Amino acid sequence: MSNRRNFLQAMSSLPLVGGLFAKEALAGKPAGPARDFFKELGIRPFINAAGTYTTLTASLMHPEVMEAINYASKSFVSLTDLHDAAGKRIAQLIGCEGAMITSGAAAALTAGTAACVAGKNPEWIKRIPDLAGTGMKNEVIVQKAHRNGYDHAVRNCGIKLIEVETADEIERAINEKTAMLFFFNDADPRGKVKIEQFVAIANKHKIPCLNDAAADVPPSEHLSRYTKMGFDLVAFSGGKGMRGPQSAGLLLGRKELIEAARMNSSPNSDSIGRGMKVNKEELLGMMVAVEVYLKRDSAAEWKEWERRAKLLCDTASKNSAIRTEVFVPPIANHVPTVRLKWEKAVLNLTADEVRRQMREGTPSIEIAPGSSPADAATQEFSIGIWQLQPGEVDVVARRLREVLVK
Ligand SMILES: *Cc1c(COP(=O)(O)O)cnc(C)c1O
C-alpha cells in the first residue's frame with residue numbers, strides 16, 4: 001500500500017505521465033502548495049483601489065460564478081442550445097423581451113449594430129462590413145458629444161456614423177439608409193438631446209435605437225431601465241459591476257433584434273461576430289453572475305462602500321493640507337468614490353508620485369487612472385473602493401498614511 005502511494009506520488013509529479021494516471025494519482029496526491037502562476041510569470045498582483053478598469057482586469061468573479069464555470073467545463077453540450085437557454089433565463093430575470101450573452105459590451109455593440117444592418121438576411125450577414133451595392137442600410141446617427149472610442153465596435157460593421165447635435169438635425173438626418181440611432185449613456189449630460197427625447201425620436205420613426213450602458217450597474221434597476229424607456233437594444237459589460245467573466249457581456253432588447261444579433265454572431269462562422277465567441281463556461285458563468293447580482297443585499301453593500309470611503313478620507317485628512325471628498329458619479333460607476341486634492345506648492349508632491357509609491361509598495365496598490373498632470377498647481381487623484389476585497393481597505397489606509405501623512 002505504501003509502495004503504491006509512493007509510486008503514485010512519483011507519477012503525479014511527472015506532468016505527462018501524471019495526466020494518464022490523473023484519476024488514481026489524485027487519490028494519493030500530497031497536499032502540496034498550489035502553483036503560484038503569477039509569480040512564475042513575474043506578474044505582481046495588486047489591491048484594486050481603482051475600480052472596474054478593463055486594463056486592471058475590472059472585477060473578481062464570485063465563487064458561484066467559478067462553480068458554474070467549472071461545472072460547464074466537464075461536459076459537451078450544444079453551444080446554440082445553451083446560448084438560447086441562458087439568454088432566455090437572463091431575459092426573464094431582468095424583465096426584457098430578449099437577451100444574448102456576448103463576449104463583452106463592445107461585442108454587444110457590434111452584434112446589435114449588425115442586427116440592425118443585416119437583420120436575419122443570410123446574404124447580408126455574410127457581407128458585413130462590405131455594405132456597398134447590397135441595398136443594406138448603412139448609416140448610424142449619433143450625437144457629436146456621444147462619440148467615444150468604443151464606437152469602433154459600431155463602425156466595424158461597415159456603417160457610416162452621421163454626427164448630429166440637435167433634435168432637428170436628427171430628424172433631418174433620418175432617411176431610408178438609416179440603420180440605427182446610437183446613444184452613449186454616460187454622455188447624456190454632455191449631449192444636447194437628452195435620453196428620453198432621443199428615444200422618442202427613434203421610436204417615432206421606428207428606427208432601432210441602441211444604448212451603450214456598459215458601466216451602468218449598480219443600481220440593478222438599470223438593467224431593465226433602458227429597454228423599458230424604449231431602447232430597442234442595450235449593451236452591458238458582464239465583467240464590471242456584475243462581476244461576471246471579464247470577456248462576457250449582455251445585449252438586451254427586442255426579441256426579433258436579439259435573434260438577428262445571434263445570427264450575426266458565433267458560432268455562425270461567416271459573420272462579423274464569429275471572432276467574439278462566448279464559450280459554454282462564460283455562458284453559464286455570466287448567467288449565474290446575473291442571478292447573484294440581482295439577489296445581493298445592495299443596501300448593505302452600499303453601506304460598506306460608504307464606510308470604506310469615509311475611512312480613507314479620515315486617514316488622508318490627518319494631513320491638514322489634503323482636501324478630501326466622497327462623490328458618486330451620476331451615471332456610469334455610480335458608487336461612492338474618494339477624491340483627494342492638495343496644492344503642489346504646499347506638499348511638494350504630485351499625484352503621479354503618490355501613484356508610484358502606492359504601486360511600488362508592499363502590497364502593490366493601484367489607484368484610479370486619470371490623476372492630474374504633474375505640472376498642475378492643484379494635484380488630485382481618485383480612489384475606487386468598490387473592488388476592494390474584505391479587509392483590504394485597512395491596508396490601503398495604512399499605505400495612504402505612510403505616503404501622505406507619514
Ligand atoms: C467598458 C466599456 C465598454 C466595453 O466593455 P467590455 O465588456 O470590456 O467589452 C464599452 N462601452 C463603455 C462605455 C464601457 O465603459
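Order of appearance sets the numbers: ligands from 1, and atoms from 1 within every ligand. As the structure is a computational prediction, the values presented were derived from the model and not from experiment.
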Subject >> Short N-O contact, Glu171 and Lys204, less than 4.0 angstrom >> reply: yes

Subject >> Charged N-O contact under 4.0 Å between Glu256 and Lys120 >> reply: yes

**OP:** Could you tell me which residues satisfy side-chain hydrogen bond (donor to acceptor under 3.5 Å, both in side chains) with Glu139, sequence neighbours excluded, listed by chain and number?
**Re:** Asn175

Enumerate donor-acceptor pairs with a distance under 3.5 Å from any side-chain N or O in residues 72-82 to protein atoms, sequence neighbours excluded.
residue	atom	partner	partner atom	Å
Ser73	OG	Asn70	O	2.7
Ser78	OG	Thr80	N	3.4
Ser78	OG	Asp81	N	3.0

Give a table of atom pairs where an N or O of ligand 1 lies under 3.5 Å from a protein N or O.
residue	atom	partner	partner atom	Å
ligand 1	5 (O)	Ser237	OG	3.1
ligand 1	7 (O)	Ala105	N	2.8
ligand 1	7 (O)	Ser237	OG	2.4
ligand 1	9 (O)	Ala105	N	3.1
ligand 1	9 (O)	Ala106	N	2.9
ligand 1	11 (N)	Asp212	OD1	3.3
ligand 1	11 (N)	Asp212	OD2	2.8
ligand 1	15 (O)	Lys240	NZ	2.7

Counting only pairs under 3.5 Å, give me each side-chain donor-acceptor contact of residues 381-398, with atom names and distances, residues two or more places apart or in other chains.
residue	atom	partner	partner atom	Å
Gln389	NE2	Gln387	O	3.1
Glu392	OE1	Gln389	N	2.9
Arg398	NH1	Glu402	OE2	3.3

Original post:
Does Phe327 have Arg339 sitting over its ring (NZ/CZ under 6.0 Å from centre, angle to axis within 45°)?
Top reply: yes

